Amino acid sequence: MDGYALRRTEELASIHGGAVKLAAAELGVESFGLQVLDFPAGFDGYPEHDHAADGQEEVYAVLGGSAKFTVDGERVPVGPGDLLRVGPRSRRRLDPGPDGVRILAIGCAPSGAYERPEGFRLAAGA
């Protein structure tokens with residue numbers, strides 16, 4: 001896709017009651033995953049997981065608020081301006097801080113072509 005796409009974060013299609021905004025799908029990004037995660041304080045719905053099966057590494061850029069990640073059993077506090085990379089085989093879980101958290105999550109497998117998971121396609125939010 002040539003040219004450009006511009007979207008307002010608050011107007012992006014979303015899933016999980018608005019907690020996950022489908023930024024890559026809305027912008028037409030095809031080479032990597034990109035979501036905006038908006039989790040209120042006390043949110044416990046971000047499951048512990050890894051990407052060993054698909055080889056995807058993820059970077060979490062904290063845009064606002066704070067959170068504590070648990071990565072392979074280690075607690076990692078993050079706040080605005082922090083960038084956290086998590087490798088494919090590492091187990092990760094996110095717990096929002098007392099004021100919630102807004103994170104830009106970026107993911108891609110270093111080898112092979114990126115394929116957007118079914119649940120993160122625009123039709124998923126419909």
Side-chain angles (χ1 to χ4, degrees):
M1 172 162 82
D2 289 330
Y4 71 93
L6 174 65
R7 302 288 187 276
R8 293 199 48 77
T9 302
E10 303 309 324
E11 296 171 358
L12 294 173
S14 63
I15 56 176
H16 304 302
V20 178
K21 293 169 178 54
L22 305 175
E26 281 273 354
L27 292 168
V29 174
E30 297 177 7
S31 57
F32 55 90
L34 181 70
Q35 280 74 241
V36 176
L37 310 177
D38 275 321
F39 297 147
F43 179 81
D44 65 356
Y46 191 81
E48 181 180 39
H49 69 285
D50 63 42
H51 285 280
D54 62 17
Q56 180 171 273
E57 60 186 345
E58 292 179 313
V59 173
Y60 300 91
V62 182
L63 303 177
S66 65
K68 287 187 181 170
F69 278 84
T70 303
V71 181
D72 292 335
E74 182 179 341
R75 295 290 276 175
V76 181
V78 295
D82 287 342
L83 300 168
L84 173 67
R85 178 212 173 258
V86 181
R89 290 180 298 282
S90 291
R91 304 274 308 158
R92 82 264 346 234
R93 178 177 165 74
L94 181 160
D95 295 301
D99 296 320
V101 68
R102 174 174 269 188
I103 291 177
L104 183 64
I106 306 156
C108 189
S111 61
Y114 176 77
E115 185 173 330
R116 188 173 327 287
E118 183 69 35
F120 290 89
R121 296 178 185 166
L122 285 179

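Not measured: the values here are computed from a predicted model.
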### Message
Once ring pair (Phe, Tyr, Trp, His ring centres under 6.0 Å) is applied, do any residues pair with F69, and if so which ones, sequence neighbours excluded?
### Response
Y60
### Query
H16: what forms a ring pair (Phe, Tyr, Trp, His ring centres under 6.0 Å) with it, not counting sequence neighbours?
none
Contacts under 3.5 angstrom, residues 73-82 side chains, donor-acceptor by atom type, not counting sequence neighbours:
| residue | atom | partner | partner atom | Å |
| --- | --- | --- | --- | --- |
| R75 | NH1 | T70 | OG1 | 2.8 |
| R75 | NH1 | D95 | OD2 | 3.1 |
| D82 | OD2 | G79 | N | 2.8 |

### Query
Would the number of heavy atoms belonging to other residues, nucleotides or ligands and lying under 6.0 Å from CZ of R7 be above 12?
yes
### Summary
Residues at least two apart in sequence or cross-chain that pass side-chain hydrogen bond (donor to acceptor under 3.5 Å, both in side chains) with S90, listed by chain then number, are D72
Can you give each donor-acceptor pair under 3.5 Å made by side-chain atoms of residues 96-108, sequence neighbours left out, with the distance rounded to 0.1 Å?
| residue | atom | partner | partner atom | Å |
| --- | --- | --- | --- | --- |
| R102 | NE | D38 | OD1 | 2.7 |
| R102 | NE | D38 | OD2 | 3.3 |
| R102 | NH1 | E10 | OE2 | 3.2 |
| R102 | NH2 | E10 | OE2 | 2.6 |
| R102 | NH2 | D38 | OD2 | 2.9 |

### Query
For E11, what residues pass the side-chain contact (heavy atoms from CB on, under 4.5 Å) criterion, not counting sequence neighbours?
R8
### Summary
By side-chain contact (heavy atoms from CB on, under 4.5 Å), A41 pairs with (sequence neighbours left out) none
### Task
Just grab all the salt bridge (charged side-chain N to carboxylate O under 4.0 Å, His left out) pairs involving residues 42-56, residues at least two apart or on different chains.
E48-R91, D50-R91
### Query
Do R92 and H49 come within less than 4.5 Å of each other through their side chains, counting heavy atoms only?
yes
### Query
Does some side-chain heavy atom of P88 sit less than 4.5 Å from a side-chain heavy atom of E57?
yes
### Summary
So ring pair (Phe, Tyr, Trp, His ring centres under 6.0 Å) across residues 23-42, not counting sequence neighbours, yields F39-F43, F39-Y46
